[in-house]
Amino acid sequence: MCGIVGYIGKRNAVPFLLQGLEKLEYRGYDSSGIAINSSKGIEVIKKQGRLGVVKNIVESKPDFCSSLGIGHTRWATHGSPSDLNSHPHVSSCGKIALVHNGIIENYIEIKKNLIEKGFDFKSDTDSEVIVQLISSLYKNDIFSAVKKAVKILEGSFALGIICKDNPNVLIAVNKDSPVIIGAGTNENFIASDIPALLSETRIICRLPEKQIALIKATDFELYDFDGRMTQKNFTTVNWEVNAAEKNGYDHFMLKEIMEQPEVIKATLSPRISGPNLKLDNAVFSKEYLKNLNKICIVACGSAYHVGCVAKYFMEKLLRKTVEVDLASEFRYRCPIIDKNTLVIVISQSGETADSIAALREAKLKGARILSIVNVIGSTIASESDDVLYTHAGPEIAVATTKAYSAQLIVIYILGLYLAKSTQKINDENLSLLVKKLQNLPYQIENTLKYKEEVFKLAKKYYKYEKVFFIGRNLDYAVCMEGSLKLKEISYVHSEAYAAGELKHGTISLVDENTLIIAIATQPELVDKMISNIRTVRARGAKILVITSSLYIDKFNQVSDDVISVPEVSPELSASLAIIPLQLISYQIAKLRGCDIDKPRNLAKSVTVE
Ligand code: G6P
């Protein structure tokens with residue numbers, strides 16, 4: 001969950017390294033650094049704090065330039081954020097510099113051996129161990145030293161390496177942590193993620209798992225860990241350059257919230273043809289569906305919350321068991337799955353370590369894996385039997401909004417497709433729901449038009465330190481995402497509670513300093529929600545309700561404020577109810593002076609377990 005970049009070519013590497021790191025800061029931002037191979041040898045500038053600190057130093061040193069360099073933006077795992085623990089790390093001999101993303105599991109053992117051999121360590125990181133290990137194996141051929149080192153290392157590692165004696169070579173390594181090579185003309189780039197490369201090239205090659213790239217200015221070669229040359233596969237990225245820019249918005253998060261109607265159209269339209277649905281290349285035979293025993297959904301964070309919506313949506317529709325698990329918990333409950341289980345992995349990045357581990361576990365047990373992923377060719381996408389891509393474009397704000405919404409859309413399409421294939425929905429109901437789906441982008445657009453009204457409510461409530469989100473059924477699943485949005489960016493403590501469960505203990509926390517955000521879009525649960533709201537109101541809590549336009553009057557009578565969202569089939573209501581929750585969290589965080597796009601302690605892509 002750190003970001004790495006590298007350049008080799010004819011230009012000065014430094015401007016690309018800095019702007020590439022800026023695009024990757026969402027992956028980690030507690031320190032950053034750059035190393036170049038100049039006429040003076042390996043030169044490093046690295047500092048604790050945001051990239052701006054390093055940028056200022058670099059800009060004050062006009063002779064800090066070279067046509068070969070690597071850079072890093074860090075999210076600390078081993079060793080606190082500090083100048084010394086920042087990357088790049090340099091070997092004791094001063095000849096080799098390295099940036100690392102991932103975790104080295106056997107670093108203590110290796111470090112002990114190296115210390116016994118006289119190596120001196122400056123940092124507390126596992127990453128420094130890698131560069132010292134390579135240096136211990138180095139005999140004037142950096143590639144050969146790296147080849148030997150990767151055989152000793154255990155854990156996950158994406159690496160960028162430069163060596164003083166090899167000014168024409170940049171090395172990249174991937175084991176369980178992504179590295180993308182961007183191909184230019186007489187220059188090549190490496191990065192952890194596509195946005196860093198967009199301003200330079202659209203031709204990319206994802207470094208396959210357990211491979212080493214030997215990169216020169218004019219070309220590059222790939223080798224597996226046994227030293228055998230392997231094939232390069234290129235793809236062309238069609239994301240716009242400005243897709244990774246703010247376009248006049250104060251924050252990426254707001255820009256991404258506002259992009260949702262377009263993103264949903266892009267995710268929906270290739271999958272709808274008249275009244276029928278298409279599932280890209282996924283084929284479910286009659287035989288397969290007949291034997292399908294259950295669906296298991298695994299994901300982390302917001303993607304898990306999409307899974308919670310999916311459970312309610314799919315189970316009701318398909319009359320099949322749908323389980324949803326946090327990916328980090330999945331393996332440890334010895335899940336009962338076999339070849340007749342469909343495992344759905346949901347992940348924006350496609351690189352989340354816990355989700356990858358869950359996927360591999362399910363695969364070992366013979367399950368069929370279908371993933372819902374935003375990043376083309378990512379690890380989860382490439383290890384799945386079927387992939388349904390969300391077309392959300394690059395998402396930069398750490399708190400997800402548009403990717404969450406796009407994932408919901410894919411869930412609806414998949415659920416309806418399976419329902420049709422198993423005759424659980426008739427043509428009339430299907431075409432009705434498909435029409436409602438097609439209308440969602442316009443309804444979201446209308447909901448977004450009330451942004452300023454929602455912002456006014458944020459002003460009224462932003463000082464509350466204790467917030468409960470309550471709802472039932474699908475609304476409860478939306479509460480989980482609403483609560484996560486609020487706490488991750490505004491640092492307000494909030495909890496999502498099933499509205500009916502509150503009375504079983506948690507209500508003791510409710511007093512006049514509590515804000516209750518109630519979501520009530522499910523027709524058969526409106527009256528129950530009204531009773532739950534009355535109960536907390538009687539304890540002095542302030543009540544903000546999000547409901548469908550149909551029930552405004554009912555809720556006006558029991559609450560302080562009501563936000564209404566357009567009327568939609570209850571099954572699809574999550575897509576609308578989440579919009580005011582995203583907006584209110586955004587504005588509360590803004591009013592509280594928080595760093596919205598880069599909240600403290602978080603990273604967008606979590607590539608460690
Ligand atoms: C991190 C992010 C969350 C995200 C989760 C899963 O924790 O901060 O916003 O939902 O990872 O990420 P994924 O890329 O797998 O959807």
Side-chain angles (χ1 to χ4, degrees), residues 1-3 24-30 75 77 101 176-178 192-195 252-253 256-257 263 267 297-310 324-330 343-360 369 371-384 387-390 392-408 410-411 477-478 480-491 496 578 581-582 585-586 589 594-609:
M1 23 218 281
C2 305
L24 295 181
E25 256 198 307
Y26 68 85
R27 299 176 69 88
Y29 33 82
D30 57 45
W75 186 83
T77 55
N101 175 31
D176 287 331
S177 196
S192 304
D193 201 357
I194 296 166
F252 279 109
M253 184 177 177
E256 288 160 5
I257 290 174
V263 159
T267 304
I297 302 176
V298 286
C300 304
S302 296
Y304 168 75
H305 297 151
V306 171
C308 296
V309 172
V324 54
D325 276 85
L326 290 163
S328 53
E329 289 291 314
F330 181 70
V343 171
I344 302 177
V345 183
I346 310 176
S347 172
Q348 186 282 127
S349 62
E351 300 295 349
T352 303
D354 289 318
S355 303
I356 295 173
L359 178 158
R360 290 179 183 161
I369 316 286
S371 61
I372 299 174
V373 175
N374 195 38
V375 180
I376 295 180
S378 51
T379 305
I380 290 178
S382 56
E383 293 192 18
S384 301
V387 189
L388 297 175
Y389 284 110
T390 45
E395 195 179 53
I396 309 294
V398 166
T400 177
T401 51
K402 61 175 182 171
Y404 168 89
S405 288
Q407 288 162 354
L408 283 181
V410 177
I411 285 294
V478 179
M480 293 184 206
E481 177 59 9
S483 172
L484 178 64
K485 284 287 86 73
L486 182 67
K487 60 191 146 196
E488 64 185 342
I489 59 168
S490 72
Y491 319 142
I578 193 62
L581 298 183
Q582 295 169 341
S585 298
Y586 169 81
C594 299
D595 190 348
I596 296 179
D597 286 336
K598 296 180 192 118
R600 69 184 179 209
N601 305 339
L602 292 180
K604 185 152 192 75
S605 183
V606 183
T607 52
V608 293
E609 276 185 64

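The structure displayed is predicted, hence computed values, not measured ones. Numbering of ligands and ligand atoms starts at 1, following listing order.
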K.L.:
Which residue owns the protein heavy atom closest to atom 10 (O) of ligand 1, what's the atom, and how far is it?
P.N.:
S302 N, 2.9 Å
K.L.:
Got the closest protein heavy atom to atom 11 (O) of ligand 1, with its distance?
P.N.:
K604 O, 3.6 Å
K.L.:
Starting from atom 7 (O) of ligand 1, find the nearest protein heavy-atom neighbour and note its residue, name and distance.
P.N.:
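Ranking protein heavy atoms by distance from atom 7 (O) of ligand 1, first comes V606 CG2, 3.7 Å.
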K.L.:
Answer yes or no for L602: is there a heavy-atom contact with ligand 1 below 4.0 Å?
P.N.:
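So L602 does not count as touching ligand 1.
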K.L.:
Under 4.0 Å from atom 1 (C) of ligand 1, is there at least one protein heavy atom?
P.N.:
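Answer yes: something from the protein, a heavy atom, is under 4.0 Å.
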K.L.:
Can you tell me if Q407 uses its side chain to pair, donor with acceptor, with the backbone of I346 under 3.5 Å?
P.N.:
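Absent.
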K.L.:
Where is the nearest protein heavy atom to atom 6 (C) of ligand 1: which residue, which atom, and how far?
P.N.:
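Ranking protein heavy atoms by distance from atom 6 (C) of ligand 1, first comes C300 O, 3.4 Å.
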K.L.:
For ligand 1, which atoms have a heavy atom of G301 less than 4.0 angstrom away?
P.N.:
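Here the atoms of ligand 1 in question are 10 (O).
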K.L.:
Show the atoms of ligand 1 that are less than 4.0 angstrom away from any heavy atom in S347.
P.N.:
13 (P), 14 (O), 15 (O), 16 (O)
K.L.:
Students should be able to answer this: which protein heavy-atom is nearest to atom 13 (P) of ligand 1, and at what distance?
P.N.:
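For this ligand atom, the closest protein heavy atom is T352 OG1, 3.2 Å.
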K.L.:
Just need the protein heavy atom nearest to atom 14 (O) of ligand 1, so name the residue and atom and give the distance.
P.N.:
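Scanning the protein heavy atoms, the shortest distance from atom 14 (O) of ligand 1 goes to S349 OG, 2.6 Å.
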K.L.:
Would you find a donor on one side and an acceptor on the other, under 3.5 Å apart, between the side chain of D325 and the backbone of V298?
P.N.:
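No; judged by distance alone, with no hydrogens or angles, the pair does not exist.
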K.L.:
Shortest non-hydrogen contact from W75 to N601?
P.N.:
NE1-O, 3.1 Å
K.L.:
Which protein non-hydrogen atom lies closest to atom 16 (O) of ligand 1, naming both residue and atom, and how far is it?
P.N.:
Q348 N, 2.7 Å
K.L.:
Supply the atom-to-atom distance Q582 CD to S405 OG, rounded to the nearest 0.5 angstrom.
P.N.:
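Going from the CD atom of Q582 to the OG atom of S405 covers 5.0 Å.
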K.L.:
Using a 4.5 Å cut-off on heavy atoms from C-beta on, say whether the side chain of L602 contacts that of E488.
P.N.:
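The answer is yes; the side chains approach within 4.5 Å.
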K.L.:
How would you list, by chain and number, every residue that makes a salt bridge (Lys or Arg N to Asp or Glu O under 4.0 Å) with R360, sequence neighbours excluded?
P.N.:
D176, E383
K.L.:
Note the single closest protein heavy atom to atom 8 (O) of ligand 1, along with its residue, its atom name and the distance in Å.
P.N.:
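Looking only at protein heavy atoms, the one closest to atom 8 (O) of ligand 1 is A603 O, 3.1 Å.
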K.L.:
Going by atom types alone, do S302 and K485 pair a side-chain donor with an acceptor below 3.5 Å?
P.N.:
yes
K.L.:
Does any N or O in the side chain of E256 come within less than 3.5 Å of the main-chain N or O of I396, such that one atom is a donor and the other an acceptor?
P.N.:
yes
